[in-house]
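Just below is one structure, and these are the notes that go with it.
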Amino acid sequence: MVEVVRSLNSKERTLKMTAEPIVVLGLGEMGHAIAAAFVAGGHPTTVWNRTPGKAPAGASEAPTAAEAVAGGGLIVVSVKGNEVARSLLSSAGDLRGRSVLNLTDGTSDEARSVAEWASSAGVEYLHGQIMTIAPGIGHPDAVIFYGGASSVYNGFSALSQLGGRGTYISGDPGVPTLFGMAVHDTMWGTLNGFLHAAALLTDAGVEVSDFLAKASPSMSALLGYLPSLASEVDADSFALEFGALQHHLPSVNDLVRESEARGINSEFPAYTQRLVSAAIDSGHANDSYSRLVEHFRKAE
C-alpha cells in the first residue's frame with residue numbers, strides 16, 4: 001500500500017500513514033469537505049450523494065450507496081438526520097464486519113439508536129461530533145469528539161485528516177453529541193451575555209473593543225472559573241464562604257436597572273435575576289452560583 005506523508009502543523013512535524021480506502025455517503029457542505037480532506041491525504045475515496053455530480057476533485061463517484069460501499073474501506077456518513085443515516089446504511093447491502101463512522105448531527109439517543117442498529121447488523125460503529133464549520137475540516141486545531149467502537153477510532157489513521165484535535169472520549173456513542181451540545185450551550189449563553197453587554201456599552205458611547213482591551217483580565221478569568229463550578233456540580237456540594245449567590249444578586253439587580261434605564265432589552269439579565277432570587281428564596285443564599293444547576297436539571 002502507498003505511504004503518504006502529511007504535514008501536521010507549522011513545526012513541520014510529519015506523520016506516516018498507510019493510504020486507506022474511504023467511502024463517504026452524503027456530499028452536503030460538510031460531507032464534501034470531509035471527502036475532500038480524505039482525498040487531500042492521499043486516501044482512495046469513493047463518494048455517493050443523492051444528487052449526483054458533487055464529488056470533490058480526485059474522488060470516485062458511485063451511482064448508488066450500495067455500489068459505493070462495495071469496494072470496502074471505512075464508511076463515513078454525513079447526512080441530514082440520524083434516521084436518514086440509519087436508513088441509508090440499512091439500504092446499502094450487507095455490511096457485516098464493516099466499520100462505520102457517523103458524523104451526522106442529532107441527539108444522543110439518536111446516535112445510540114444508529115449504534116444499536118449497527119450492532120444488530122454486525123457493524124462496528126463510531127460516532128463523531130464535529131466542532132468546526134466545513135472550511136475548518138482538516139485544520140490542525142479542528143476538534144472532533146468520538147465515541148463508540150474504539151477499534152474504529154484506533155484502526156483508521158485516516159481520521160487524523162479530518163482534524164488535528166480529534167479525541168476519543170467514550171465507549172458510549174451518545175456522549176460525543178452531549179459534549180458538542182455542552183460546548184454550544186456554553187457558547188450561546190456566553191455570546192448572548194456578551195452581546196447584551198455590547199448593547200449596553202455602545203448605548204453609552206463606549207467601544208466594545210476598548211472594553212475588551214481594558215477588561216481583558218476579568219474576561220479571561222471567566223474561563224478560569226469553570227473548573228470550580230464543574231467540581232462543585234460533580235460533588236453536588238454548593239456551600240461557599242465567599243462569592244455566594246446573595247452577593248451576586250445586587251450586581252444583577254443593578255444590571256437590570258441600568259438596562260431598563262437605557263431602554264436596552266433587559267430580558268437576558270432579568271432571567272438571571274429570577275434564577276438567583278428564586279434560589280435565595282429557597283434558602284440557598286450562601287451557596288455558590290453552581291447551585292443554579294438544579295434549576296436546569298428539571299423541566300418547568
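Values below: every heavy atom of this structure, side chains too, minus hydrogens, waters and symmetry copies.
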Do [X] and [Y] sit in one hydrophobic cluster, given that two such residues count as connected whenever their side-chain heavy atoms are within less than 4.5 Å of each other, even indirectly?
{"X": "Ile130", "Y": "Val24", "value": "yes"}
{"X": "Phe296", "Y": "Ile280", "value": "yes"}
{"X": "Leu95", "Y": "Val84", "value": "yes"}
{"X": "Val79", "Y": "Val123", "value": "yes"}
{"X": "Val69", "Y": "Val114", "value": "yes"}

Using modelled atom types and a 3.5 Å cut-off, is there a donor and acceptor pairing between side-chain atoms of [X] and backbone atoms of [Y]?
{"X": "Glu110", "Y": "Thr107", "value": "yes"}
{"X": "Thr45", "Y": "His43", "value": "yes"}
{"X": "Asn154", "Y": "Ser150", "value": "yes"}
{"X": "Ser119", "Y": "Ala115", "value": "no"}
{"X": "Ser170", "Y": "Asp172", "value": "yes"}
{"X": "Arg98", "Y": "Gly73", "value": "yes"}
{"X": "Ser90", "Y": "Ser87", "value": "yes"}

Among His295, His248, Arg291, whose side-chain contact (heavy atoms from CB on, under 4.5 Å) with Leu275 holds?
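Option passing the side-chain contact (heavy atoms from CB on, under 4.5 Å) with Leu275: His295.
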With [X], which residues qualify under side-chain contact (heavy atoms from CB on, under 4.5 Å), at least two apart?
{"X": "Leu178", "result": "Ser108, Arg112"}
{"X": "Ala68", "result": "Val23, Leu25, Thr46, Trp48, Ala62"}
{"X": "Ser277", "result": "Leu249, Gln273"}
{"X": "Ile133", "result": "Pro135"}

Considering residues, nucleotides and ligands other than [X], do more than 12 of their heavy atoms fall under 6.0 Å from its [atom1]?
{"X": "Glu29", "atom1": "CD", "result": "no"}
{"X": "Arg297", "atom1": "CZ", "result": "yes"}
{"X": "Gln246", "atom1": "CD", "result": "yes"}
{"X": "Arg262", "atom1": "CZ", "result": "yes"}

Closest approach of [X] to [Y] (non-hydrogen atoms, all atoms of both residues):
{"X": "Val152", "Y": "Val100", "value": "CG1-O, 4.4 Å"}
{"X": "Arg257", "Y": "Asp254", "value": "NH2-OD1, 2.9 Å"}
{"X": "Ala65", "Y": "Leu88", "value": "CB-CD1, 3.7 Å"}
{"X": "Pro44", "Y": "Glu20", "value": "CD-O, 3.6 Å"}
{"X": "Met30", "Y": "Ala134", "value": "CE-N, 3.7 Å"}
{"X": "Leu255", "Y": "Pro269", "value": "CD2-CB, 3.7 Å"}

NZ/NE/NH1/NH2 to OD/OE distance under 4.0 Å, Glu83 and Arg86:
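Salt bridge: yes.
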How would you list all residue pairs meeting ring pair (Phe, Tyr, Trp, His ring centres under 6.0 Å) that involve residues 141-173, not counting sequence neighbours?
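Of all non-adjacent pairs touching residues 141-173, those that pass ring pair (Phe, Tyr, Trp, His ring centres under 6.0 Å) are Phe145-Phe179, Tyr146-Tyr153, Tyr153-Tyr168.
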Applying ring pair (Phe, Tyr, Trp, His ring centres under 6.0 Å) as the test, list every pair that has at least one member in residues 186-230; sequence neighbours left out.
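Every ring pair (Phe, Tyr, Trp, His ring centres under 6.0 Å) pair that includes a residue of residues 186-230, provided the two are not neighbours, is His184-Trp188.
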Roughly how far, to the nearest 0.5 Å, is [atom2] of [Y] from [atom1] of [X]?
{"X": "Leu162", "Y": "Thr132", "atom1": "CG", "atom2": "OG1", "result": "11.0 Å"}
{"X": "Thr177", "Y": "His127", "atom1": "OG1", "atom2": "NE2", "result": "4.0 Å"}
{"X": "Glu116", "Y": "Ser113", "atom1": "CD", "atom2": "OG", "result": "6.0 Å"}
{"X": "Glu61", "Y": "Leu27", "atom1": "CD", "atom2": "CG", "result": "7.0 Å"}
{"X": "Leu292", "Y": "Leu245", "atom1": "CG", "atom2": "CG", "result": "5.0 Å"}
{"X": "Asp234", "Y": "Leu229", "atom1": "CG", "atom2": "CG", "result": "11.0 Å"}

So do [Y] and [X] actually touch side chain to side chain, heavy atoms under 4.5 Å?
{"X": "Thr202", "Y": "Val208", "answer": "yes"}
{"X": "Leu159", "Y": "Leu126", "answer": "yes"}
{"X": "Tyr289", "Y": "Leu240", "answer": "no"}

Quick one about Thr104 and Asn102 (side-chain donor to acceptor, distance below 3.5 Å, no hydrogens or angles considered), yes or no?
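On atom types as modelled, these side chains qualify, holding a pair under 3.5 Å.
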Side-chain donor-acceptor contact under 3.5 Å, Gln129 with Asp105
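Yes, a side-chain donor-acceptor pair sits under 3.5 Å.
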As a quick check of understanding, evaluate side chain to side chain contact (heavy atoms under 4.5 Å, CB included) for Ser157 and Thr18, giving each step before the final call.
CA-CA 8 Å; Ser157 60; Thr18 301; 5.5 Å; no
